[in-house]
Amino acid sequence: MSATHQVGPPKVSPLYDPKVRSIAYQFALCAFIAFLAYGAITNAAENLARARIASGFDFWNVTAGFDISQTLIDYSPQTSSYGRAFWVGLLNTLLVAVIGIVFATVLGFLVGIARLSRNFLVARIAAGYVEFIRNLPLLLQLLFWYNAVLKALPSVSGSVVLWGGIYLNNRGLFLPEFRLQEGGTALQIAFLLALVASLVFRIWARRRQQRTGKQASVFLATLGFFVGFPLIVVLSGSIRLAVTFPELGRFNIRGGVEILPELAALVFGLVIYTAAFIAEVVRAGILAVSRGQTEAAYALGLRPRLTLRLIVIPQAMRVIIPPLTSQYLNLTKNSSLAVAIGYPDLVQVFTGTVLNQTGQAVEVVLITMAVYLTISLVTSLAMNIYNARIALVER
Amino acid sequence: MTTANSVTKLDPEHAIAYVREVPIEASPPPVTARGALGWLRANFFATPFDTVLTIVMLLLIAWAIPPVIDFLIVDAVWSGSDREACLATPQHPEVGACWAFVRNRFAYFVYGSYPLAERWRVDIFFAMLAVGIVWMLKLDAPRRDIGAIYFFVVLPIASYVLLRGMPALGLPAVETALWGGVLVTIVVATVGIVASLPAGIMLALGRRSRMPAVRLFSIIYIEFVRGVPLITVLFMASVMLPLFVPEAYSPDKLVRALVGIAMFASAYMAEVVRAGLQAIPRGQYEGAMALGLSYSQMMRFVILPQALKITIPNIVNTYIGLFKDTTLVFIVGIFDLLKTIEAARVDPSWATPVTSTTGYAFAALFYFACCYMMSRYAKAMEARLAHGERR
């Protein structure tokens, strides 16, 4: 009798062994990708050699030689390098992103809450806004704001004069410039003190609440510190401001701060577009808090305002924050459409002008992608950490 | 006393004084809470703050809507052959939208520079596409399996032959540089839609695969493409792709843009499909495996049909985004609808102060109509699926 006691999995032909198959598939995939990469690299080397285009990152330090219409850091076409142009472009992108995010959040929350309003008109108008804006391409909206609205403003000689020496024309918006001449350090110290004071107050208020149950308005106190301390400095007379008003010339405007029409159109378009998406995120978040929560809060005797602040908003935020972050990322990525209306952002300066001048397509496109990728990955990393912190702790 | 007759007689056995047998009719709500007046009050004037809001909103509507209607319809110029028609004159000081411009350039907006004699081919393409779309979208249409083959196999080949031309069949070749307008917008969107679904499914399955190399490749691809703006993907396709292939096979501009759009859309589609796959309970996988189905059988017959069905609304929403994103090919020099409008609006023979706005209004109408229909479809689909879930 040969009653063999079988141990382990049954023996199968290697052709049908899942392990062998899986290794074979993965090997085939890797080989395929390696083959593609090899083909691409040899072709690229050949094509670049034929077109006499250098490769490598030597162009980074070469003098750029082109002008940029808006620079947040020192930049001159004669002396600055392509690398400097890259930083100028990146800062311009970040500028648009930050301004856009702030305004889009405010508008988006307003519209999102308005959509849930009891007031029929308010809810309808907010819904109409969201439907209308979300169904139109962003590029079309940007072109509309830039070409049909801002470029249709009067020329310099016919500038619209708003209060306080503000000029508006098709070359941009010109504001008076305020420059601090004296007392800058005092102001900085005041802000620092306000920060420290509000942190201390916050800790004290929390401890007192835990001990006695009495609440103190941290928000009001913080506001008080941040307004009060600088105000003391200003009132003490140690501040001197230099104000330069824009002056209307025949063909241009001198002095003051200039806001490019490209920047205005881009911010306008991005804010209006992204706010429609944020509104939907906010609405979904608020609706996700079940009615029972509100009713329970009322039953405990909380007033509507407190219910909103202590019960509904904290729970809604848990639902709102992740998609909100992805909207922020979308706004940042969409700011690359600046290239269509000529705002000097990263893509316009670097992937546009620098690429055309150097011809080093591979390096330039890869650097640009790496920048956006870094922004995305850092944000989603921060998001994951945040999510892990606020996630519902379930049994 | 009206209640007297509804009071029962005293019953000595049960010590109940009286029991009301007929409920009193509920008195109607006060006149201010009922009918039109009540509705107005609840929706417009519930609190003083609401009243103020209502008034502000009414003022906003009164301020914003009439000028728009005036511009688009009342003061609009409907016919004319050149810019003279749309200029302000003493008799006609207010000039609205210059629809004459759109009518004059309509063929350009639809076909671009496609040769006049060959435009019937474009019309046939539009008709074939319409048939395919209706076949795919109507869930109770007959033989949707043939419809899928038609949409994903027959249509792409037929469109290529029709649009690009095939001299062997007597269809002269038409360079893609001549294509333009709605034609290009539709072609780019359709290629994105047709290519992204299969590629997205493969990537989604790859991302959930148990093979580390496959999973890693899928994750890197998806996260990379989703982390960068579409415009850089298009730049990559249009300037780097020609470097990566031998010079003899260098693709033309439109093909490069199509590759970029397809790459981009697949990554987003992959995430949508993955969400659907995750929503399928484990029991379905285990059940399929217990029946002895192989991986591909399990996916084809059990998992994907369910996963794709519940993701239809999200797929359509992704297509809306894709459709809007097709406008970006304009930046790499493809003549899509928006680009033809940009080209036409700066044409000196139609240069008037209202030309730009009119052109954009026309584009807005087109894109809004398409996207709105898609989002309605997604909503209807969602409602239908929710209906199926209800027991």
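Computed from a predicted model, the values in this text were never measured in an experiment. Order of the sequence lines fixes the chain letters, A, B, ..., with proteins taken first and strands second; residue numbering starts at 1 for each chain. Computed from heavy atoms alone, side chains included, the values below leave out hydrogens, waters and symmetry copies.
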Distance in Å, A:Ser336 OG paired with B:Ile331 CD1, rounded so as to fall on 0.5 Å steps: 7.0 Å
Most contacts with chain A, counted as non-hydrogen pairs under 4.5 angstrom, among B:Phe366, B:Phe45, B:Trp39: B:Trp39
For A:Arg303, does the CZ atom have more than 12 heavy-atom neighbours from other residues, nucleotides or ligands under 6.0 Å away? no
Interchain contact, A:Leu377 with chain B, by part (heavy-atom threshold 4.5 Å): neither
Between B:Phe224 and chain A, which part of the residue has a heavy atom less than 4.5 Å away: side chain, backbone, both or neither? both
B:Phe368 vs A:Phe132 aromatic rings, parallel, tilted or perpendicular, using cut-offs 30° and 60°? tilted
As a test of understanding, state which of A:Val149, A:Leu140, A:Leu136 forms a side-chain contact (heavy atoms from CB on, under 4.5 Å) with B:Tyr360. A:Leu140
Under a 4.5 Å heavy-atom cutoff, which of B:Arg345, B:Met211, B:Glu342, B:Met240 has the most pairs with chain A? B:Met211
Per-residue contact mode, A:Leu373 against chain B (heavy atom under 4.5 angstrom): both
Scanning both residues in full, the closest heavy-atom pair of A:Ser376 with B:Gly227 reads OG-O, 2.9 Å
Please say whether more than 12 non-hydrogen atoms of neighbouring residues, nucleotides or ligands are located less than 6.0 Å from CE in B:Met202. no
B:Val233 versus chain A, the contacting section by heavy-atom distance below 4.5 Å: both
The interface call for B:Leu328 against chain A, heavy-atom contacts under 4.5 Å, is both
Where does A:Gln141 contact chain B at under 4.5 Å (heavy atoms): side chain, backbone, both or neither? neither
Out of B:Phe330, B:Tyr295, B:Phe44, B:Phe244, which one racks up the most heavy-atom pairs below 4.5 Å with chain A? B:Phe244
For A:Lys333 and B:Ile231, indicate whether the former's side chain and the latter's backbone hold a donor-acceptor pair under 3.5 Å. no
Could you give me the CA-CA distance, side-chain angles and deciding distance for B:Thr47 and A:Arg118, then say whether side chain to side chain contact (heavy atoms under 4.5 Å, CB included) is met? CA-CA 10 Å; B:Thr47 61; A:Arg118 234 180 355 193; 3.9 Å; yes
Looking only at non-hydrogen atoms, find the nearest pair between B:Val228 and A:Met369 and report the distance. CG1-O, 3.6 Å
Portion of A:Leu355 that has a non-hydrogen atom of chain B nearer than 4.5 angstrom: side chain
Shortest non-hydrogen separation from A:Asn47 to B:Val245 and the atoms involved: ND2-O, 3.1 Å
Neighbour count >12 (heavy atoms, 6.0 Å) for atom CZ, B:Arg215: yes
Looking at A:Val339, A:Val365, A:Leu143, A:Leu121, which makes the most heavy-atom pairs under 4.5 Å with chain B? A:Leu143
Does any heavy atom of chain A fall under 4.5 Å from the side chain of B:Pro242, the backbone, both, or neither of them? backbone
Contact winner vs chain B - A:Val122, A:Ile41, A:Thr368, heavy-atom pairs under 4.5 Å: A:Val122
With a 4.5 angstrom heavy-atom cut-off, which part of A:Arg124 approaches chain B: side chain, backbone, both or neither? neither
Do you know the tightest heavy-atom contact between A:Ala148 and B:Thr357? CB-OG1, 3.7 Å
With a 4.5 angstrom heavy-atom cut-off, which part of B:Phe323 approaches chain A: side chain, backbone, both or neither? neither
Heavy-atom pair of closest approach, residues B:Thr327 and A:Leu139: O-CD2, 3.3 Å
Donor-acceptor contact below 3.5 Å, side chain B:Asp50 vs main chain A:Asn119: no
What's the separation between atom CZ in A:Phe120 and atom CG in B:Leu40, rounded to the nearest 0.5 Å? 10.0 Å
Specify the closest pair of heavy atoms between A:Asn135 and B:Ser375, including all atoms of both residues, with the distance to one decimal. ND2-OG, 4.2 Å
Check whether any side-chain heavy atom of A:Gln26 sits under 4.5 Å from a side-chain heavy atom of B:Pro212, and report yes or no. yes
Pair B:Phe235-A:Val347, side chain to side chain contact (heavy atoms under 4.5 Å, CB included): steps then yes or no: CA-CA 10 Å; B:Phe235 268 121; A:Val347 170; 3.7 Å; yes
Does any heavy atom of chain A fall under 4.5 Å from the side chain of B:Thr232, the backbone, both, or neither of them? both
Hey, is OH on A:Tyr328 packed in by over 12 heavy atoms from elsewhere, all under 6.0 Å? yes
Per-residue contact mode, A:Val362 against chain B (heavy atom under 4.5 angstrom): both
Under the criterion side chain to side chain contact (heavy atoms under 4.5 Å, CB included), I'd like the reasoning laid out for B:Val214 against A:Tyr25: C-alpha separation, chi angles, the key distance, then a yes or no. CA-CA 8 Å; B:Val214 176; A:Tyr25 286 142; 5.5 Å; no
Checking side chain to side chain contact (heavy atoms under 4.5 Å, CB included) for the pair B:Ile61/A:Ile125: CA distance, chi angles, key distance, verdict? CA-CA 9 Å; B:Ile61 291 174; A:Ile125 289 178; 3.8 Å; yes
